[in-house]
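Reading through the structure tokens given below for one structure.
On a predicted model such as this, the values are computed, not experimentally measured, just so you know.
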Amino acid sequence: MLGTLIVAVVAFAVGYFSYEAWGMGWGITCAVVALVVSWAVLGLLLRLFVNKRQMIIQNIMQVAQNKVNRQLEMFNRRPPSSVNAARQILEKIQFESIRKALVEMEGFKKFYLWNPMLYKQINAMKMQLHYQLREYSKVDELLPKSLLLDPQSLGIKLARMYKNNDPKLDKFYKMRCWRFKGENGAFLASVYAWIKLRQNAADMALDALLRAKKTSDNQVLLENIDRLTNGKVKHYSNSGFGDNWYALALEEPKMKNQRQQGRPF
């Protein structure tokens, strides 16, 4: 908002003085040039400041990932007492880094006046981080204020609508998710199908998967279509999507007894 106002003022001022000096034609031309140049400069400066803070956040997450990797190496050398104990240690490392990242994100607030869309973009990032922390009340608060463009964000929206028994879930899927193709379309269709199966709507689940098949040959998608077509509803599984699926927290990953395997992971 503020950025638009400044650009408009600059363009008007340049155009006015050019008009006074050289006439109407040059006034309009100079105003347009000033508008384009000032908008480009403002956008460049804003990106520089935003990218700098994003690098700080990425560094926080990278440091946490390095700690997780070192911890996994330790687990490989000395298995933990149980899978749950290992998971709690890893989650503690990840959760601490996420909270640090959320604190850093508060620094974006000063840029919201310059770019109104940034507010919704940052909210989408915050929403995903709160989801990882399982702070679902915060997620529900941020979702209406977030710019949902990527499949993972939309998957979270579907998951929360399902958990909250939102009657608009089907409408949201048709309006926002059907347009995705390829792997992204397969993922969203599979999330929606999993939800519809839990709602005893197998026909709607299969229909979503068949629509996604038109633009995707994803193996998980094809296997689930085969299962539903043959009435094997209980064998439906999205585990093939790995972390993208389990990040939605609709299912817990199935983990074998690690002491029997001789490895923690």
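- Judged purely by distance below 3.5 Å, without hydrogens or angles, the side chains of Asn69 and Gln65 pair a donor atom with an acceptor atom.
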*Could you give me the CA-CA distance, side-chain angles and deciding distance for Arg227 and Ser237, then say whether side chain to side chain contact (heavy atoms under 4.5 Å, CB included) is met?*
CA-CA 9 Å; Arg227 288 166 182 149; Ser237 173; 4.1 Å; yes
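- The shortest non-hydrogen separation linking Tyr173 to Leu188 is CE1-O, 3.7 Å.
- In the model, Asn238 has no side-chain atom that pairs as donor or acceptor with a side-chain atom of Tyr246 under 3.5 Å.
- In terms of hydrophobic clustering, with Ile, Leu, Val, Met, Phe, Trp and Tyr side chains grouped at heavy-atom distances under 4.5 Å, Ile56 and Val103 are assigned to different clusters.
- Between Ala212 and Ala189, the closest heavy-atom pair is CB-CB, 3.5 Å.
- A donor-acceptor pair under 3.5 Å is formed between the side chain of Asn218 and the backbone N or O of Val220.
- To the nearest 0.5 angstrom, Leu143 atom CG is 13.0 Å from Lys138 atom NZ.
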Could you give me the CA-CA distance, side-chain angles and deciding distance for Gln152 and Leu248, then say whether side chain to side chain contact (heavy atoms under 4.5 Å, CB included) is met? CA-CA 8 Å; Gln152 202 65 30; Leu248 299 181; 3.7 Å; yes
### Message
Let's go through His235 and Asn230 carefully: what are the C-alpha distance in whole Å and the side-chain angles of both, what is the deciding distance for side chain to side chain contact (heavy atoms under 4.5 Å, CB included) to 0.1 Å, and is it a yes or a no?
### Response
CA-CA 10 Å; His235 295 281; Asn230 291 291; over 6 Å; no
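- Residues Leu147 and Leu154 are members of separate hydrophobic clusters, defined by side-chain heavy-atom contacts under 4.5 angstrom among Ile, Leu, Val, Met, Phe, Trp and Tyr.
- With hydrogens and angles disregarded, no donor-acceptor distance shorter than 3.5 Å links the side chain of Ser153 to the backbone of Leu149.
- Between atom CG of residue Asp217 and atom CG of residue Leu222 there is a gap of 6.5 Å, rounded to the nearest 0.5 Å.
- No hydrogens or angles considered: nothing links the side chains of Gln88 and Asn84 as a donor-acceptor pair under 3.5 Å.
- For the pair Ile60 and Ser97, the tightest heavy-atom approach, listed with the atom from each and the gap, is CG2-O, 3.4 Å.
- In terms of heavy atoms, Ala186 sits closest to Phe241 at O-CZ, 3.8 Å.
- Met125 has its side chain within reach of Met105: a pair of non-hydrogen atoms, C-beta onward, lies under 4.5 Å apart.
- The nearest pair of heavy atoms linking Ala159 to Tyr131 is CB-OH, 3.5 Å.
- Under a hydrophobic clustering in which Ile, Leu, Val, Met, Phe, Trp and Tyr are joined whenever their side-chain heavy atoms come within less than 4.5 Å, directly or via other members, Val63 and Val68 fall into different clusters.
- Separating the CD1 atom in Ile195 from the NZ atom in Lys163 is a distance of 9.5 Å, to the nearest 0.5 Å.
- For Arg179 against Arg176, the heavy-atom pair with the smallest separation is NE-O, 3.5 Å.
- With rounding to the nearest 0.5 Å, the separation of CD in Glu91 from CD1 in Ile89 is 11.0 Å.
- Put simply, the side chain of Tyr192 never gets that close to the backbone of Met204: no donor and acceptor are under 3.5 Å apart.
- Taking 4.0 Å as the cut-off between side-chain N and carboxylate O, Lys67 and Glu96 do not count as a salt-bridged pair.
- Taking 4.5 Å as the limit, every side-chain heavy atom of Val50 sits out of range of all side-chain heavy atoms of Gln121.
- Side-chain atoms of Asn164 do not come within 3.5 Å of backbone N or O of Asp166 as any donor-acceptor pair.
- Contact annotation: the side chain of Leu148 never approaches that of Lys120 to less than 4.5 Å [non-hydrogen atoms, C-beta and beyond].
- Using the six-membered ring where Trp is involved, Phe49 and Phe111 have ring planes that are parallel, under 30° apart on the 30 and 60° scheme.
- Thr215 places none of its side-chain heavy atoms less than 4.5 Å from the side chain of Phe180.
- Ion pairing of Lys126 with Glu106 is present here, as a side-chain N (NZ or NE/NH1/NH2) and a carboxylate O approach within less than 4.0 Å.
- Relative ring orientation between Tyr119 and Tyr112 is described as perpendicular, the plane-to-plane angle rising above 60° on a 0-90° scale split at 30° and 60°.
- If you take CZ on Arg160 and CG on Leu142, they are separated by 12.0 Å, rounding to the nearest 0.5 Å.
- Proximity of Arg198 to Trp194: side-chain heavy atoms (C-beta onward) are separated by under 4.5 Å at one or more points.
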TODO: Please lay out, stage by stage, how Ile225 and Leu206 fare under the test side chain to side chain contact (heavy atoms under 4.5 Å, CB included).
DONE: CA-CA 7 Å; Ile225 289 175; Leu206 180 58; 4.3 Å; yes
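- For the pair His130/Leu102, a side-chain contact is recorded, criterion being any heavy-atom separation below 4.5 Å from C-beta on.
- In summary, Lys196 and Asp170 engage in a salt bridge, as defined by a charged side-chain N under 4.0 Å from a carboxylate O.
- In this structure, CG in Leu221 is found 5.5 Å from CG in Leu209, a value given to the nearest 0.5 Å.
- Around the CG atom of Asp243, the shell of radius 6.0 Å holds no more than 12 heavy atoms that belong to other residues, nucleotides or ligands.
- At least one side-chain heavy atom of Ile57 sits less than 4.5 Å from a side-chain heavy atom of Phe108.
- A cation-pi arrangement is found for Lys157 relative to Phe172, the charged atom lying closer than 6.0 Å to the ring centre and inside a 45° cone about the ring normal.
- Contact check for Ser216 versus Lys181: no side-chain heavy atoms found under the 4.5 Å cut-off.
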